[in-house]
Amino acid sequence: VQLQASGGGSVQAGGSLRLSCVASGFSLGDYAVAWFRQAPGKEREAVSCIDTSDETPYYYYTDSVKGRFTLSRDNAKNSVYLQMNSLKPEDTAVYYCATTSRVAHSALAERSSYDYWGKGTQVTVSS
């Protein structure tokens, strides 16, 4: 089981980036998937999550990214994406994708809910 995150980089405020997370060794479509981020000196926090265990996909976005970030998945490519628009300097962090087979919606944003983690990708937003 492996997750590979990519797509990070350096942009100016107001710019966009698209992060990708590709899974290997298992079918990502059967799992809940999340993007977390960790800025220097701060706790790792959930940015966006998706759970498709019910008929209707359930999405979570932390308040600071609502309206700017969009999570999507492509089961055919075994991938999840995070489109980040209108980036701000406070979005600067290492971004990680993570997955778990079963999680309650109330626990989607909990770091401890996730079993598998990819290596992070750095996002740097300059003012």
Side-chain angles (χ1 to χ4, degrees):
V1 174
Q2 283 192 328
L3 295 172
Q4 180 66 51
S6 63
S10 297
V11 297
Q12 290 190 326
S16 298
L17 285 172
R18 186 189 191 217
L19 305 184
S20 299
C21 177
V22 181
S24 59
F26 67 103
S27 178
L28 196 58
D30 297 332
Y31 286 67
V33 183
W35 285 97
F36 283 75
R37 67 185 178 188
Q38 188 165 18
K42 294 189 176 181
E43 295 289 320
R44 191 171 298 187
E45 65 167 346
V47 176
S48 182
C49 316
I50 181 173
D51 180 23
T52 54
S53 58
D54 297 329
E55 288 186 5
T56 303
Y58 180 88
Y59 291 87
Y60 165 88
Y61 293 94
T62 193
D63 286 345
S64 62
V65 308
K66 286 179 180 177
R68 301 189 297 122
F69 290 12
T70 303
L71 187 152
S72 62
R73 71 193 304 167
D74 185 337
N75 290 340
K77 295 183 178 180
N78 218 23
S79 299
V80 170
Y81 308 97
L82 186 67
Q83 178 66 43
M84 306 186 296
N85 298 328
S86 301
L87 282 162
K88 304 176 181 180
E90 51 264 43
D91 295 318
T92 295
V94 178
Y95 284 69
Y96 301 87
C97 59
T99 189
T100 184
S101 60
R102 182 182 295 272
V103 60
H105 290 171
S106 60
L108 265 176
E110 299 294 327
R111 179 178 177 178
S112 60
S113 296
Y114 293 86
D115 303 311
Y116 305 105
W117 292 80
K119 292 183 179 179
T121 183
Q122 176 71 47
V123 172
T124 303
V125 185
S126 58
S127 57

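One-based numbering along the sequence shown.
No side-chain heavy atom of Val47 sits less than 4.5 Å from a side-chain heavy atom of Met84. Looking at Phe26 and Thr99, their side chains come closer than 4.5 Å, going by heavy atoms from C-beta outward. Between Phe69 and Thr62 there is no side-chain heavy-atom pair separated by less than 4.5 Å. No side-chain heavy atom of Glu45 sits under 4.5 Å from any side-chain heavy atom of Arg111.
Leu17 and Val22 are not part of a single hydrophobic cluster, where members link through side-chain heavy atoms under 4.5 Å apart. At a threshold of 4.5 Å between side-chain heavy atoms, the hydrophobic network of Ile, Leu, Val, Met, Phe, Trp and Tyr places Tyr31 and Phe36 in two separate groups. Hydrophobic cluster membership is shared by Leu108 and Trp117, with clusters built from Ile, Leu, Val, Met, Phe, Trp and Tyr side chains linked at under 4.5 angstrom. Criterion: ILVMFWY side-chain heavy atoms under 4.5 Å apart, direct or through other members. Under it, Val103 and Tyr116 are not part of a common hydrophobic cluster. Val94 and Leu87 are not part of a single hydrophobic cluster, where members link through side-chain heavy atoms under 4.5 Å apart.
Of the possible donor and acceptor atoms, none in the side chain of Ser53 sits under 3.5 Å from a partner among the backbone N and O of Asp51. The main-chain N or O of Arg68 is never found under 3.5 Å from a side-chain atom of Ser86 such that the two would form a donor-acceptor pair. Between the side chain of Ser113 and the main chain of Ala107, a donor-acceptor pair closer than 3.5 Å is present. Remark: side-chain polar atoms of Asn78 are paired, donor with acceptor, to backbone N or O of Leu28 under 3.5 angstrom.
Salt bridge present: Lys66 and Asp63 bring a charged side-chain N and a carboxylate O closer than 4.0 Å.
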Using the rule given for side-chain contact (heavy atoms from CB on, under 4.5 Å), can you reason through Thr70 versus Tyr61, listing the C-alpha separation, both sets of side-chain angles and the distance that settles it, and then say yes or no? CA-CA 8 Å; Thr70 303; Tyr61 293 94; 4.0 Å; yes
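To the nearest 0.5 Å, the span separating CG on Leu71 from CH2 on Trp35 amounts to 8.5 Å. With values rounded to the nearest 0.5 angstrom, Ser20 atom OG is found 9.5 Å from Gln83 atom CD. Between the CG atom of Leu82 and the OG1 atom of Thr121 there is a distance of 11.0 Å, given to the nearest 0.5 Å. To the nearest 0.5 Å, atom OG1 of residue Thr124 and atom CD of residue Gln12 are 12.5 Å apart. Separating the OH atom in Tyr81 from the SG atom in Cys21 is a distance of 10.0 Å, to the nearest 0.5 Å. Atoms OG and NZ, from Ser6 and Lys119 in turn, are 13.5 Å apart once rounded to the nearest 0.5 Å.
Neither side chain, Arg37 nor Thr92, offers a donor N or O lying under 3.5 Å from an acceptor on the other. Asn85 and Ser16 share a donor-acceptor pair across their side chains, judged by distance under 3.5 Å alone.
Relative to the six-membered ring of Tyr96, Arg44 meets both conditions, a distance below 6.0 Å and an angle of at most 45° to the axis.
What you find for Ala39 and Ala93 is that their closest heavy atoms are N-CB, 3.8 Å.
By the 6.0 Å contact criterion, CD on Gln2 is open, its count of non-hydrogen atoms from other residues, nucleotides or ligands being 12 or less.
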